[in-house]
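Here the structure comes first, spelled out in structure tokens, and everything after it is commentary.
All of these numbers come straight from a predicted model, not from anything done at the bench. First the proteins, then the strands, lettered A, B, ... as listed; each starts at 1.
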Amino acid sequence: MPDSPRSDASQPQARPQRPKAAKPRTAAAVTSATAAAAELHEPILSWYDANARVLPWREPDAGAWAVMVSEFMLQQTPVVRVLPVYAIWMDRWPTPKALAAEPPGEAVRAWGRLGYPRRALRLHAAARAITDNHGGEVPNDHADLLALPGVGTYTAAAIASFAFGQRHAVVDTNVRRVFARALGGDAQPSISPTAADLRRAEQAMPLDAATAAKWAVATMELGALICTARTPKCGHCPIVERCAWTLAGRPAYDGPPRKGQTYDGTDRQARGRLLAVLRDSAGPVGKARLDRAWPDVAQRERALDGLVADGLVEPLARSRFRLPI
DNA sequence: CAACCGTGGTA
DNA sequence: TTACCAAGGTT
């Protein structure tokens, strides 16, 4: 069932071949990296048992759809803001079929102010794909998951791991940061995910599928609660004694500057304002209403065109607009 | 592959 | 107050 490469140190010859020509690595180096990571397993798994947050999508009876919905909502959005929207969403659409039966605009409306509303559109499209191609059941195969709209490397691995107990490297920003510090000795991970991040996570995984699945959620939780980006709570960290960054004296971040994302006055903000008008209106809206939502004409038109092109807004006759049906 | 895509909380 | 950050994906 698990389709991730196995790293069986007892059989160096059987090292998984990597089609994309990674740097050649000796069996000894692989064994060494795996062994170092293995010492982190017990402390992190025990810490998770004692400190995991109670979240609705982690309940034993939550199901794969619950996991999938939560993963979409949690893409770039904090847990506390997801919780209320998630509850309403699951109450209204407890299955992929239920969501698939509604127009995409209803998904966009229910998405509320979670941000990145294209995620709502993609989740709706994924629900229809699941209904059409998978009998209404969230697929358990990694490749099938990856083929769904809005499901990338991380989300496919997360659903396969959290919902189906499979062995996959689940590499999000939390995990990248935990490993960058504990194994790499760096204050922060690289700006964007790298192949090295994935390789490191694969080597660090426990071999047993069930343990690997728990390891995946545990390392994420550690990054979310203890090994945080700004002021990590190293005093409460279960692996502080083995953390390469701590052992190095916690040197400051010295990499390239992180891209500061401004928001005020951007097209993104303009799109958000326009879409908010449509979300808050039961039916179609006249152009004049949208004109009032953003002062700059050129930017407003560009934003509206973009929303229409993305399928988030549907143009009607006589300069009227609505959420897509 | 760099740029784009929302929103709100916090140090 | 400004800047950074939050369970990424797509083009």
(request) Please write out which residues are connected to A:Val313 in a hydrophobic cluster, directly or through intermediates, given that two of Ile, Leu, Val, Met, Phe, Trp, Tyr count as joined at side-chain heavy-atom separations below 4.5 angstrom. (result) A:Val108, A:Leu121, A:Leu274, A:Leu275, A:Val277, A:Leu278, A:Val285, A:Leu290, A:Leu304, A:Leu307, A:Val308, A:Leu312, A:Phe321, A:Leu323

(request) Tell me who clusters with A:Tyr253, hydrophobic residues only, linked when side chains sit under 4.5 Å apart either directly or through other members. (result) A:Ile191

(request) For the pair A:Tyr86 and A:Trp57, name the ring-plane relationship: parallel under 30°, tilted 30 to 60°, perpendicular over 60°. (result) perpendicular

Euclidean distance, atom [atom1] of residue [X] to atom [atom2] of [N] [Å, nearest integer]:
X	N	atom1	atom2	answer
A:Tyr154	C:dA7	OH	P	9 Å
A:Arg176	C:dC5	CZ	P	12 Å
A:Leu222	C:dA7	CG	C1'	14 Å
A:Leu146	C:dT10	CG	P	8 Å
A:Asp310	C:dT10	CG	P	13 Å
A:Gln188	C:dA6	CD	C1'	13 Å
A:Leu121	C:dT10	CG	C1'	13 Å

(message) Please give the distance between the C1' atoms of B:dG8 and C:dT1 as a whole number of Å.
(response) 16 Å

(message) Roughly how many Å apart are C:dA7 and B:dC5, using the P atom of each and rounding to a whole number?
(response) 22 Å

Using a heavy-atom cut-off of under 4.0 Å over every strand shown, decide if [X] touches base, sugar-phosphate, or nothing.
X	result
A:Leu114	base
A:Pro117	sugar-phosphate
A:Gly115	base
A:Thr153	sugar-phosphate
A:Leu55	base
A:Trp57	base
A:Thr173	sugar-phosphate
A:Ala229	sugar-phosphate

(message) Here's a test of your reading of the structure: between A:Arg58 and A:Leu148, which maps to the more 5' nucleotide of DNA chain C?
(response) A:Arg58

(request) Side-chain contact test, heavy atoms from C-beta onward, threshold under 4.5 Å: evaluate it for A:Tyr48 versus A:Leu222 and give yes or no. (result) no

(message) Between A:Trp65 and A:Glu137, is there a side-chain heavy-atom distance shorter than 4.5 Å?
(response) no

Tell me the salt bridge (Lys or Arg N to Asp or Glu O under 4.0 Å) pairs involving [range], sequence neighbours left out?
range	answer
residues 316-325 of chain A	A:Glu314-A:Arg322
residues 112-122 of chain A	A:Arg118-A:Asp310
residues 57-76 of chain A	A:Arg58-A:Glu221

For [X], which residues count as a side-chain hydrogen bond (donor to acceptor under 3.5 Å, both in side chains) partner, sequence neighbours excluded?
X	answer
A:Thr155	A:Gln75
A:Arg109	A:Glu106
A:Arg268	A:Tyr116

(request) Name the first nucleotide and the last nucleotide along DNA chain B (5' to 3') that come under 4.0 Å of a heavy atom in chain A. (result) B:dC5 to B:dA11

Kindly give the atom pairs (protein nitrogen or oxygen, nucleotide nitrogen or oxygen) under 3.5 Å for nucleotides 1-4 of chain C.
{"from": "C:dC4", "atom 1": "O2", "to": "A:Arg230", "atom 2": "NH2", "distance (Å)": "2.4"}

(request) Indicate whether OP1 or OP2 belonging to C:dG9 is found under 4.0 Å from a side-chain N or O atom of A:Thr155. (result) yes

(request) Kindly indicate, with the supporting measurements, whether the criterion side chain to side chain contact (heavy atoms under 4.5 Å, CB included) is fulfilled by A:Asp197 and A:Phe179. (result) CA-CA 8 Å; A:Asp197 293 331; A:Phe179 289 159; over 6 Å; no

(request) Using heavy atoms and a sub-4.0 Å distance, could you list which residues of residues 62-96 of chain A are near DNA chain B? By number, please. (result) A:Gln76, A:Thr77, A:Arg81

Distance-only criterion, 3.5 Å: show the donor-acceptor pairs between side-chain atoms of residues 224-244 of chain A and protein atoms not counting sequence neighbours.
{"from": "A:Thr228", "atom 1": "OG1", "to": "A:Thr231", "atom 2": "O", "distance (Å)": "3.3"}
{"from": "A:Arg242", "atom 1": "NE", "to": "A:Glu39", "atom 2": "OE1", "distance (Å)": "3.3"}

